[in-house]
Amino acid sequence: MHNIQPDSKSDISALLDIVAKMRSAHKTGLLSARPPILVGASKGQDAGLLRRFIGAGLTRFGENRVQEAIAKWPALRAAHPEVTLHLIGALQSNKVSEAVAQFDVIETVDREKIAVALDKEMKRQGRFPRCFIQVNIGKEPQKAGVMPEQLAAFITFCRQQTALPIVGLMCVPPADAPPAPYFGLMYALAKANGLEELSMGMSADYETAIAFGATQVRIGTALFGARG
Ligand SMILES: *Cc1c(COP(=O)(O)O)cnc(C)c1O
């Protein structure tokens, strides 16, 4: 991680710019009920840069690898207890215990085996991070997530067989197609299943996601610059 980092002035202007764009997308969008939350996708960004953003008022961050989060965040969190940490990448069974201990929100619940393992570990630790179900909204073979047609059954499974606090849905739409139809479908799926939260929208498409009811967006490069 030796990327050339912008100074703190440009950090703050990137943050202000995104917050302003989020606000106007929320104002003009028809579906979003409440102002969306910004989660800084901080994978590949080092602690010094993250400390500056925390200083500028950003408190939510998303990491996509448990190992990287464990290397980076405990010291930062000890100094900044206001930070909320989201897991936004795939979760393997052998990392469930560390994930439950380290994260406040787990956005990538996507199969029964991992739901059962999380349930067991949360009960053991007495710690219940809020959970999102990841949906493979474009039905892409290389991507994680529950298929849309299997979502209702998976939600029922989680609600009946586990104590996971399922609060919403998360997706990463196909990279090579306009995202709006996928965001619209996600909105409908969340409504149909009685879920309030929608985690969707990244650097390239967060304003569209907000117009379609995203309650949180996960932004990396537009906020922090290129990853190291
Ligand atoms: C990296 C990442 C993001 C942010 O991507 P950018 O295009 O850099 O904004 C969002 N969501 C997930 C799951 C990611 O892994």
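In this chain, numbering begins with 1 at the start of the sequence shown. Atoms within a ligand are numbered from 1 in the order they appear, just like the ligands themselves. Computed from a prediction, not measured in an experiment: that's the story for all the values here.
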Legend entry - Gly220, any N or O under 3.5 Å of ligand 1 N or O: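 Checking ligand 1 against Gly220, an N or O pair does fall under 3.5 Å apart.
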Legend entry - Ligand-side contact atoms (ligand 1) for residue partner Ala41, heavy atom cut-off under 4.0 Å: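 This gives 3 (C), 4 (C) as the contact atoms.
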For [atom], the protein heavy atom that lies nearest, with its residue and separation:
atom                    : answer
atom 9 (O) of ligand 1  : Ser203 OG, 2.5 Å
atom 10 (C) of ligand 1 : Met202 SD, 3.2 Å
atom 14 (C) of ligand 1 : Lys43 NZ, 2.9 Å
atom 13 (C) of ligand 1 : Ile88 O, 3.3 Å

Inset, instruction - Measure from the side-chain N and O atoms of Asp205 to the backbone N and O of Pro179, and report whether any donor-acceptor pair falls under 3.5 Å. - result: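 Checked: no pair found.
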Inset, instruction - Sorted by first residue and then second, give each side chain to side chain donor-acceptor pair (under 3.5 Å) pair with at least one member in residues 188-199; sequence neighbours left out. - result: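 Checked against side chain to side chain donor-acceptor pair (under 3.5 Å) - neighbours excluded - the pairs reaching residues 188-199 are Arg34-Glu197, Glu107-Ser199, Tyr187-Lys191, Glu197-Thr215, Ser199-Gln216, Ser199-Arg218.
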Legend entry - Ile54/Thr59 under side chain to side chain contact (heavy atoms under 4.5 Å, CB included): CA gap, chis, key distance, verdict: CA-CA 6 Å; Ile54 295 168; Thr59 57; 5.9 Å; no
Legend entry - Distance-only polar pair, side chains of Gln102 and Trp73, donor-acceptor under 3.5 Å: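 Side-chain D/A pair, Gln102 to Trp73: absent.
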Inset, instruction - From atom 11 (N) of ligand 1, work out which of Met200, Gln45, Arg218, Arg227 has a heavy atom at the shortest distance. - result: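 The option holding the nearest heavy atom is Arg218.
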Legend entry - Of His86, Arg130, Arg77, the residue whose pairing with Asp104 passes side-chain contact (heavy atoms from CB on, under 4.5 Å):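 Running side-chain contact (heavy atoms from CB on, under 4.5 Å) over His86, Arg130, Arg77 with Asp104 returns exactly one hit, Arg77.
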